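Encoded as structure tokens, the structure appears first; notes follow it.
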Protein chains: 2
Amino acid sequence: MSTIDRKAKEKEALKALILKGAKKLFVEKGIEHTTIRNIAEEINYSVGTVYVYFKDKNDILHDLHTIGFQELDSYFMELYTIEDPKERLKKMGFAYIKFAIENSEMYDLMFNLKAPIEFLKDSENEDWDEGCTAFGLVKKTIEECINKGYFKGHNVEPLAFMVWSLVHGMCCLEIHQRIKNVNFTNPDTILYDGYNEYLKMIEKL
Amino acid sequence: MSTIDRKAKEKEALKALILKGAKKLFVEKGIEHTTIRNIAEEINYSVGTVYVYFKDKNDILHDLHTIGFQELDSYFMELYTIEDPKERLKKMGFAYIKFAIENSEMYDLMFNLKAPIEFLKDSENEDWDEGCTAFGLVKKTIEECINKGYFKGHNVEPLAFMVWSLVHGMCCLEIHQRIKNVNFTNPDTILYDGYNEYLKMIEKL
DNA sequence: AAATAAAATGAACGCTGTTCATTTTATTAT
DNA sequence: ATAATAAAATGAACAGCGTTCATTTTATTT
């Protein structure tokens, strides 16, 4: 029996190794410039081996997108030490943007690329658990805000969606290089300045 | 001289034909599933001919992104008949979302994909004129709002950027199928409901 | 040491974007 | 009208892509 257990662990280890190699290359040279052959070469295995452990490229991308969410969730969980929900909400948006900028390829994979969603369609569990969990943390924080008397006249879910969109939009414009190509007066601080407008706005709700 | 003129017109016509074929296929089956061979076949020309009229695929994608902006600008210009800037701003966001949903592939090309921006880097004029013009219309409207006494304590550019991000974020989440995969209570109306929260918010600024 | 099972392999397939020598078509000069 | 020239269109060929699968290598069991 111990052999079977060990085999299972070895399989998991190699799967993790492939993902690790893939992520390294993604960060280094971008997702679209990373090939299965690159990944195989990176970890000194053949192309065929990758396909023993993953159904296809979408499978790899989906697993990597899940890893990204684990990281983002840990960013969020840290902020849950903050008692005041409004203060927490403000910090969450900032952490979200920080994550997106520092992990732009992963962010794109998690929130923009089709691959992870297409993988869901082919799989048994069609729910986007990763997205639900992360968004749940935002929703919960906003719910706490409303329970505390903030944001009167607003509805939890639509407001949470609006906040998510606002921050997500900033991240997208930034990582897709649309900010620096629109001639802002202060292109270097517009992201910060824009987020500041959002903070001011929150106070007026 | 008339020959040269005619030749020039023919060249323009064929270029336009290629773009028309490309756009048709993009809408039909998505950008990433459209190949140069597809485009050539669609208009009954050879692959080589496409490369006589366009430097590479990015060149085609950039021209198509420009065409998309012409359409979006016309959406916006229509709304400039509305006198009250705040009313206009509200309608602009709605028109923007409508455009994104009805032309999701084009929208992705215009605001998310790397191709048009990469083409800019290789060209003489590195400015993103299309983006500047469209965003200029938003900026101008918000400026009018501030001049009229709305949005006190806010700054034009950062606020315009925030508004753009908010609406852009909603569009991205929708067209990248992140909305319908997060279990909203009312997934069918969340986009509308979320935009409504934004409208309520505008009133409080 | 032989038989069996599991894991890793890499050549091959049909795609992709791109190039460029060759052919076809159109224009100009005689 | 015919020959010479210029312009335009072509498609085979190249390297690289994701993916498959018969074959080989390695590990386990008998």
Side-chain angles (χ1 to χ4, degrees), chain A residues 1-22 25-26 28-64 109 113-116 118-119 121-123, chain B residues 1-19 21-22 25-26 28-64 109 113-116 118-119 121-122:
Chain A
M1 271 298 171
S2 72
T3 310
I4 294 172
D5 289 1
R6 203 199 64 230
K7 288 254 168 173
K9 281 194 177 180
E10 277 176 5
K11 279 192 88 169
E12 276 308 305
L14 185 43
K15 216 174 168 179
L17 184 68
I18 292 169
L19 290 172
K20 190 183 157 195
L25 294 178
F26 282 3
E28 264 177 33
K29 52 190 221 171
I31 291 177
E32 57 186 359
H33 293 115
T34 301
T35 69
I36 306 284
R37 281 174 181 82
N38 291 156
I39 297 168
E41 201 178 356
E42 170 73 25
I43 58 172
N44 295 312
Y45 275 87
S46 71
V47 217
T49 305
V50 175
Y51 280 90
V52 172
Y53 291 85
F54 292 93
K55 183 174 144 281
D56 52 23
K57 204 180 182 183
N58 276 359
D59 195 357
I60 300 176
L61 291 171
H62 175 267
D63 270 19
L64 233 37
L109 177 61
L113 299 196
K114 289 174 182 170
E118 301 227 310
F119 181 82
K121 288 180 195 162
D122 300 343
S123 74
Chain B
M1 272 298 172
S2 72
T3 311
I4 294 170
D5 290 0
R6 203 199 62 230
K7 289 254 169 173
K9 281 195 178 182
E10 279 176 4
K11 280 191 88 167
E12 277 307 307
L14 186 43
K15 216 173 168 181
L17 184 67
I18 293 169
L19 290 173
L25 294 178
F26 282 4
E28 265 176 31
K29 51 190 221 171
I31 290 177
E32 58 186 358
H33 294 115
T34 301
T35 69
I36 307 283
R37 280 174 181 84
N38 291 156
I39 298 168
E41 201 178 357
E42 171 73 25
I43 59 172
N44 296 312
Y45 275 88
S46 71
V47 217
T49 304
V50 175
Y51 280 90
V52 172
Y53 291 85
F54 292 92
K55 183 172 144 282
D56 53 22
K57 203 180 182 183
N58 276 358
D59 195 356
I60 300 176
L61 290 171
H62 175 266
D63 271 20
L64 233 37
L109 177 61
L113 299 196
K114 289 175 182 170
E118 300 227 311
F119 181 82
K121 287 181 196 162
D122 300 343

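Chain naming here is simple, since letters A, B, ... match the order of the sequence lines and numbering starts at 1 in each. These numbers come from a predicted model, not from an experiment.
A straight line from CG of A:L14 to C1' of C:dA6 spans 13 Å, rounded to a whole angstrom. What separates CD of A:E32 from C1' of D:dC17 is a distance of 13 Å, to the nearest Å. In this structure, A:N58 places its CG atom 13 Å from C1' of D:dT19, rounding to the nearest Å. Distance, B:L61 CG to C:dG17 P: 10 Å, rounded to whole Å. Rounding to whole angstrom units, NZ of residue A:K9 and P of C:dA7 are separated by 16 Å. One atom, OH of A:Y53, and another, P of C:dA6, lie 13 Å apart when rounded to the nearest Å. The distance between atom CG of B:D56 and atom P of C:dT16, rounded to the nearest whole Å, is 17 Å. For the pair B:Y45 OH and D:dA9 C1', the computed distance is 9 Å after rounding to whole Å.
When heavy atoms are screened at a 4.0 angstrom cut-off, B:T35 is found touching the sugar-phosphate backbone but no base atom. Heavy atoms of A:I60 sit nowhere under 4.0 angstrom from any nucleic acid atom. Among the atoms of the strands shown, none is found under 4.0 Å from any heavy atom of A:F54. The residue B:I39 sits apart from the nucleic acid: no heavy atom pair falls under 4.0 Å.
In this structure the side chain of A:L64 never reaches within 4.5 angstrom of the side chain of A:I31, judged on heavy atoms.
Closest-nucleotide positions on DNA chain C for A:V52 and B:T34 were compared, and the one nearer the 5' end corresponds to A:V52. Residues B:K55 and B:E10 both approach DNA chain C. Their nearest nucleotides, taken by heavy-atom distance, put B:K55 toward the 5′ side. The 5' end of DNA chain D is approached more closely, in terms of each residue's nearest nucleotide, by B:K11 than by the other of B:K11 and B:V47.
Between C:dT18 and B:Y51, a contact under 4.0 Å exists linking OP1 or OP2 to a side-chain N or O. A sub-4.0 Å separation between OP1 or OP2 of C:dA8 and a side-chain N or O of A:T49 is absent.
Around atom NZ of B:K114, more than 12 heavy atoms belonging to other residues, nucleotides or ligands sit under 6.0 Å away. Surrounding NZ of A:K29 are more than 12 heavy atoms belonging to other residues, nucleotides or ligands, all under 6.0 Å away. Annotation for B:K9: atom NZ does not count as buried by contact number, only 12 or fewer foreign heavy atoms lying within 6.0 Å. The environment of B:E28 atom CD is dense: over 12 non-hydrogen atoms of other residues, nucleotides or ligands sit within 6.0 angstrom.
In this model, no side-chain donor or acceptor of A:R37 finds a partner on the base of D:dG16 within 3.5 Å.
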